[in-house]
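Below: one structure, written as structure tokens.
Protein chains get the first letters and strands the later ones, always in sequence-line order, with residue 1 at the start of each. Side-chain atoms are counted along with the backbone in the values below, which use heavy atoms only and exclude waters and symmetry mates. All of these numbers come straight from a predicted model, not from anything done at the bench.
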Protein chains: 2
Amino acid sequence: MTLDPDLFSDCGTDRPLIRIGDKWTMKIIVCLRDGPRRFGELIVPLRITAKVLTESLRAMERDGLLTRTAYGENPPRVEYALTPLGRTLLEPLAAICAWSAAHQPEVLRARSA
Amino acid sequence: MTLDPDLFSDCGTDRPLIRIGDKWTMKIIVCLRDGPRRFGELIVPLRITAKVLTESLRAMERDGLLTRTAYGENPPRVEYALTPLGRTLLEPLAAICAWSAAHQPEVLRARSA
DNA sequence: CGGGATCCAATGAGATACTG
DNA sequence: CAGTATCTCATTGGATCCCG
């Protein structure tokens with residue numbers, strides 16, 4: 001059987017809906033797993049610049065994956081927290097992590113050959 | 001509890017091992033799911049240029065996800081097939097597809113708001 | 001502290017033309 | 001048919017400086 005020429009026509013854009021494989025989305029999800037975090041708290045483990053972190057957080061906020069809460073204090077304090085929707089991403093994330101953990105050596109062996 | 005500054009230090013590179021979210025890898029896996037396919041057969045549903053398809057296939061071959069078999073015929077015939085390792089990617093792929101199918105409307109609603 | 005503004009480098013990927 | 005060779009462009013992400 002030959003492949004359907006329109007096999008991927010229902011994908012909307014040509015990218016997957018959520019850029020699940022981009023550099024930051026999944027790592028941010030992991031960082032927020034155990035509760036809300038502040039901007040400066042996220043910067044440290046991610047080793048990300050403020051600009052890129054801001055862009056990533058805004059994009060995830062637009063998609064309903066997390067919420068941004070600014071408290072009118074001085075110095076300013078802002079907290080980011082996963083929404084229930086964002087939390088559902090933990091499941092496919094776990095599947096990818098499991099695959100990676102299970103097959104990483106195999107890939108590295110193939111790559112070095 | 002504050003975040004471990006070295007939370008992601010064991011990730012090797014800063015990218016996930018397999019670029020599971022890049023534009024082509026997963027789509028190619030889907031195309032090869034039901035058996036070997038020829039180069040020209042892959043081009044049609046993917047709507048990809050020959051150059052990019054070649055690059056993607058070579059990268060996946062290096063990682064041991066698929067095999068390339070050239071038959072010494074004229075006109076040339078080349079077939080690509082998933083390895084057992086490549087086939088194991090179908091599982092996390094299914095998890096992502098399930099998430100996308102389940103939550104796509106929700107994301108689109110958030111995005112348009 | 002939590003950004004915004006600006007500039008810049010690397011990568012991915014498309015278009016086009018050519019070939020064994 | 002199954003590529004290769006160039007060229008070009010858009011996007012991502014990093015560096016640096018500045019601000020309320």
Side-chain angles (χ1 to χ4, degrees), chain A residues 2-3 5 8 11-29 31-32 36-63 66-81, chain B residues 2-3 5 8 11-29 31-32 36-63 65-81 111:
Chain A
T2 128
L3 289 172
F8 297 105
C11 285
T13 70
D14 53 356
R15 297 276 183 176
L17 178 62
I18 293 299
R19 304 198 333 190
I20 214 169
D22 82 333
K23 192 166 178 179
W24 300 114
T25 304
M26 282 310 197
K27 288 186 177 181
I28 291 173
I29 300 249
C31 287
L32 296 179
R37 297 290 180 182
R38 300 182 59 174
F39 187 90
E41 211 172 355
L42 292 171
I43 279 216
V44 180
L46 291 172
R47 289 175 176 81
I48 189 177
T49 61
K51 172 201 162 198
V52 176
L53 178 56
T54 301
E55 288 169 354
S56 304
L57 291 170
R58 295 284 194 273
M60 296 173 69
E61 193 187 4
R62 270 197 309 276
D63 285 350
L66 53 79
T67 59
R68 176 183 187 275
T69 312
Y71 302 87
E73 303 174 355
N74 198 303
R77 185 163 62 94
V78 179
E79 280 192 347
Y80 295 89
Chain B
T2 128
L3 290 171
F8 296 106
C11 285
T13 70
D14 54 358
R15 296 276 183 176
L17 177 62
I18 294 299
R19 304 199 333 192
I20 214 168
D22 83 333
K23 193 167 178 179
W24 300 113
T25 305
M26 282 310 196
K27 289 186 176 179
I28 291 173
I29 300 245
C31 287
L32 296 179
R37 298 288 180 183
R38 300 180 58 171
F39 188 89
E41 212 173 354
L42 291 171
I43 278 214
V44 180
L46 290 173
R47 290 176 174 82
I48 188 177
T49 62
K51 173 201 160 197
V52 176
L53 178 55
T54 301
E55 288 169 355
S56 303
L57 291 170
R58 295 281 194 275
M60 294 172 71
E61 192 187 5
R62 271 198 309 275
D63 286 350
L65 300 180
L66 54 78
T67 59
R68 175 183 186 277
T69 311
Y71 302 88
E73 303 174 355
N74 197 301
R77 185 162 61 94
V78 180
E79 280 191 347
Y80 295 90
R111 197 174 288 181

Pairwise 5' ranking along DNA chain C for B/A50 and A/A50, keeping only the more 5' one: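 With B/A50 and A/A50 compared, the 5'-side residue is A/A50.
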Mapping B/T49 and A/T54 onto DNA chain C by nearest heavy atom, which one lands closer to the 5' end?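 It is A/T54 whose nearest nucleotide is closer to the 5' end.
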For the pair made of [atom1] in [X] and [atom2] in [N], what is the distance, rounded to whole Å?
| X | N | atom1 | atom2 | answer |
| --- | --- | --- | --- | --- |
| A/L53 | C/dG2 | CG | C1' | 10 Å |
| A/W24 | D/dG13 | CH2 | C1' | 9 Å |
| A/E79 | C/dG2 | CD | C1' | 13 Å |
| A/K27 | D/dG13 | NZ | C1' | 13 Å |
| B/I28 | C/dG12 | CD1 | C1' | 14 Å |
| A/L42 | C/dG2 | CG | P | 9 Å |
| B/L46 | C/dG14 | CG | C1' | 15 Å |
| A/I43 | C/dG2 | CD1 | C1' | 9 Å |

Please give me the minimum heavy-atom distance between [X] and [Y], naming the atom from each residue.
| X | Y | answer |
| --- | --- | --- |
| A/L32 | A/Y80 | CD2-O, 3.4 Å |
| B/F39 | B/A50 | CZ-O, 3.8 Å |
| A/I29 | A/M60 | CG1-CE, 3.9 Å |

Measure distances between side-chain N and O atoms of B/K51 and base N and O atoms of C/dG14, and say whether any donor-acceptor pair falls under 3.5 Å.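 Such a pair is found, so the answer is yes.
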Which nucleotide in the set [options] lies at the smallest distance from any side-chain heavy atom of [X]?
| X | options | result |
| --- | --- | --- |
| A/R38 | C/dG3, C/dG2, D/dA2 | C/dG2 |
| A/Y80 | C/dC1, D/dG13, C/dG3 | C/dG3 |
| A/K23 | D/dG14, C/dC1, C/dA13 | D/dG14 |
| B/V52 | D/dC1, D/dG13, C/dA13 | C/dA13 |
| A/P76 | D/dG3, C/dC1, D/dG14 | C/dC1 |

Would you say A/R37 places a side-chain N or O within less than 4.0 Å of OP1 or OP2 belonging to C/dG2?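 So the side chain of A/R37 is outside the cut-off, no N or O lying under 4.0 Å from OP1 or OP2 of C/dG2.
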Counting only side-chain nitrogens and oxygens, does B/R68 get under 4.0 Å of the OP1 or OP2 atom of D/dG3?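 The answer is yes; a side-chain N or O of B/R68 sits under 4.0 Å from OP1 or OP2.
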What distance separates B/I28 CD1 from B/L57 CG, expressed to the nearest 0.5 Å?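 Answer for the CD1-CG pair, B/I28 versus B/L57, is 5.0 Å.
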Donor-acceptor under 3.5 Å (A/R47 side chain, B/P5 main chain):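 Yes; at least one donor-acceptor contact below 3.5 Å.
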For B/Y71, report the nucleic acid contact type (base, sugar-phosphate, nothing); a contact means any heavy atom under 4.0 Å.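 The residue B/Y71 makes no contact with any strand.
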Would you mind classifying the nucleic acid contact of A/R47 as base, sugar-phosphate or nothing, using non-hydrogen atoms under 4.0 angstrom?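 No contact at all - A/R47 keeps every heavy atom at 4.0 Å or more from the nucleic acid.
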